[in-house]
Amino acid sequence: MSTFETTIQLASLSGQGEVEIGALVDTGAFYSILPSSVLDGIGVQRVGESRFVFADGRTEEMDIGFAFVALNGGRSVPTIVAFGVEEAQPLLGAYALEGLELMVDPRGEQLVPRGLLHA
C-alpha cells in the first residue's frame, strides 16, 4: 500500500458545481472519501450507503454518491464517492484510480498511466 498527496478535480454529475481539492492517494481505500460539505457544496446526490472498515478496525456506514473525478485537468470519469465527516482527510481510492486508468509509482510517489511503470 502506498499513500501520497495529489490534487483532484471533482464535479457533480448534473454539472451543478465543481471543486479542486488536495487528496491523499490511498491504494488501501476502495472508494474515495471526502467531507460531506464538499460533496454537498457541489451538488453530489446521495444515492445509498455503504459500510466502511477503517485501518484502526472500526466500521462506519456512510452515504455514497456519484461524481466526476479528474487529475490535472485531464480526462474526467464518473466514480463513487463517500460522504465523510467534516474532519475527514480527502482520500482518492482505488475505484477512481482504476476508472482513470492510473496506477501508483511507489518509488516516485506519483500516478502514472497503467502499463507505463518500469522496474
Side-chain angles (χ1 to χ4, degrees):
M1 182 168 71
S2 180
T3 59
F4 55 90
E5 292 209 21
T6 193
T7 300
I8 61 174
Q9 295 82 43
L10 285 171
S12 66
L13 296 184
S14 68
Q16 179 181 339
E18 61 184 64
V19 66
E20 185 169 274
I21 190 168
L24 189 67
V25 175
D26 186 351
T27 58
F30 189 61
Y31 293 143
S32 299
I33 302 174
L34 293 108
S36 293
S37 63
V38 171
L39 297 174
D40 288 333
I42 62 170
V44 174
Q45 299 297 308
R46 296 165 194 255
V47 298
E49 61 181 37
S50 191
R51 177 175 292 168
F52 292 80
V53 179
F54 292 90
D56 62 7
R58 67 188 163 86
T59 62
E60 185 177 329
E61 294 281 333
M62 287 191 277
D63 290 338
I64 58 171
F66 295 94
F68 286 111
V69 63
L71 276 80
N72 302 320
R75 184 171 67 96
S76 178
V77 298
T79 192
I80 298 172
V81 292
F83 290 75
V85 295
E86 289 314 303
E87 60 273 5
Q89 164 73 50
L91 296 178
L92 179 64
Y95 187 89
L97 293 174
E98 287 291 322
L100 290 165
E101 299 178 356
L102 296 172
M103 58 189 263
V104 172
D105 170 3
R107 288 186 181 168
E109 293 193 335
Q110 62 182 344
L111 296 171
V112 296
R114 257 189 313 207
L116 295 183
L117 186 63
H118 300 284

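The figures that follow rest on heavy atoms only: side chains count, while hydrogens, waters and symmetry mates do not. Numbering starts at 1 and runs along the sequence shown.
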Discussion item. Test of understanding: with side-chain hydrogen bond (donor to acceptor under 3.5 Å, both in side chains), list the residues that count as partners of Glu101, not counting sequence neighbours.
Written reply: none

Discussion item. Looking at Ser36 and Gly84, would you say the former's side chain and the latter's main chain have a donor-acceptor pair under 3.5 Å?
Written reply: yes

Worksheet item: Would you say Gln89's side chain and Ala23's backbone share a donor-acceptor pair under 3.5 angstrom?
Response: no

Discussion item. Is there a side-chain contact between Met103 and Val112 in this structure, where contact means two heavy atoms from C-beta onward sitting under 4.5 Å apart?
Written reply: yes

Worksheet item: Taking only residues two or more places apart in sequence or in another chain, which ones pass salt bridge (charged side-chain N to carboxylate O under 4.0 Å, His left out) with Glu98?
Response: Arg114

Item to complete: Tell me, please, which residues at least two apart from Arg46 pass side-chain hydrogen bond (donor to acceptor under 3.5 Å, both in side chains).
Response: Asp40, Asp63

Discussion item. Apply side chain to side chain contact (heavy atoms under 4.5 Å, CB included) to residues Leu111 and Asp105 and explain how you reach the verdict.
Written reply: CA-CA 6 Å; Leu111 296 171; Asp105 170 3; over 6 Å; no

Worksheet entry | Ala67: side-chain contact (heavy atoms from CB on, under 4.5 Å) partners, not counting sequence neighbours | Leu10, Val44, Val81

Worksheet item: Quick one: side chain to side chain donor-acceptor pair (under 3.5 Å) pairs with a partner in residues 52-61, sequence neighbours left out?
Response: Arg51-Glu61, Asp56-Arg58, Arg58-Glu60

Discussion item. Are more than 12 heavy atoms, taken from residues, nucleotides or ligands other than Glu5, located less than 6.0 Å from that residue's CD atom?
Written reply: yes

Worksheet, complete the sentence: What one should report as the nearest heavy-atom pair of Pro35 and Ala88 is CG-O, 3.6 Å

Worksheet item: Hey, does the side chain of Ser32 reach the backbone of Gly93 with a donor-acceptor pair shorter than 3.5 angstrom?
Response: yes

Practice prompt. Just grab all the salt bridge (Lys or Arg N to Asp or Glu O under 4.0 Å) pairs involving residues 9-18, residues at least two apart or on different chains.
Written response: none

Discussion item. Taking Leu100's backbone N and O only, do any of them form a donor-acceptor pair with Arg75's side chain (distance below 3.5 Å, no angle check)?
Written reply: yes

Worksheet entry | side-chain contact (heavy atoms from CB on, under 4.5 Å) involving Ala94 - partner list, sequence neighbours excluded | none

Fill in: Non-hydrogen side-chain atoms of Leu71 and Thr7 separated by less than 4.5 Å
no

Response to the item:
Contacts of Glu87 meeting side-chain hydrogen bond (donor to acceptor under 3.5 Å, both in side chains) (sequence neighbours excluded), chain-then-number -> none

Worksheet item: Do Leu92 and Thr6 come within less than 4.5 Å of each other through their side chains, counting heavy atoms only?
Response: yes

Worksheet item: Can you list the steps and then say if Glu86 with Ser37 is a side-chain hydrogen bond (donor to acceptor under 3.5 Å, both in side chains)?
Response: CA-CA 7 Å; Glu86 289 314 303; Ser37 63; 2.5 Å; yes

Fill in: From CG (Asn72) to CD (Gln9), nearest 0.5 Å
6.5 Å

Worksheet item: Got a sec, which residues hit side-chain hydrogen bond (donor to acceptor under 3.5 Å, both in side chains) with Ser12, two or more places apart in sequence or on another chain?
Response: Ser14

Fill in: Transitive ILVMFWY cluster of Phe54, excluding itself - 4.5 Å side-chain cut-off
Leu13, Leu24, Phe30, Tyr31, Ile33, Val47, Phe52, Met62, Ile64, Phe66, Phe68, Ile80, Leu91, Tyr95

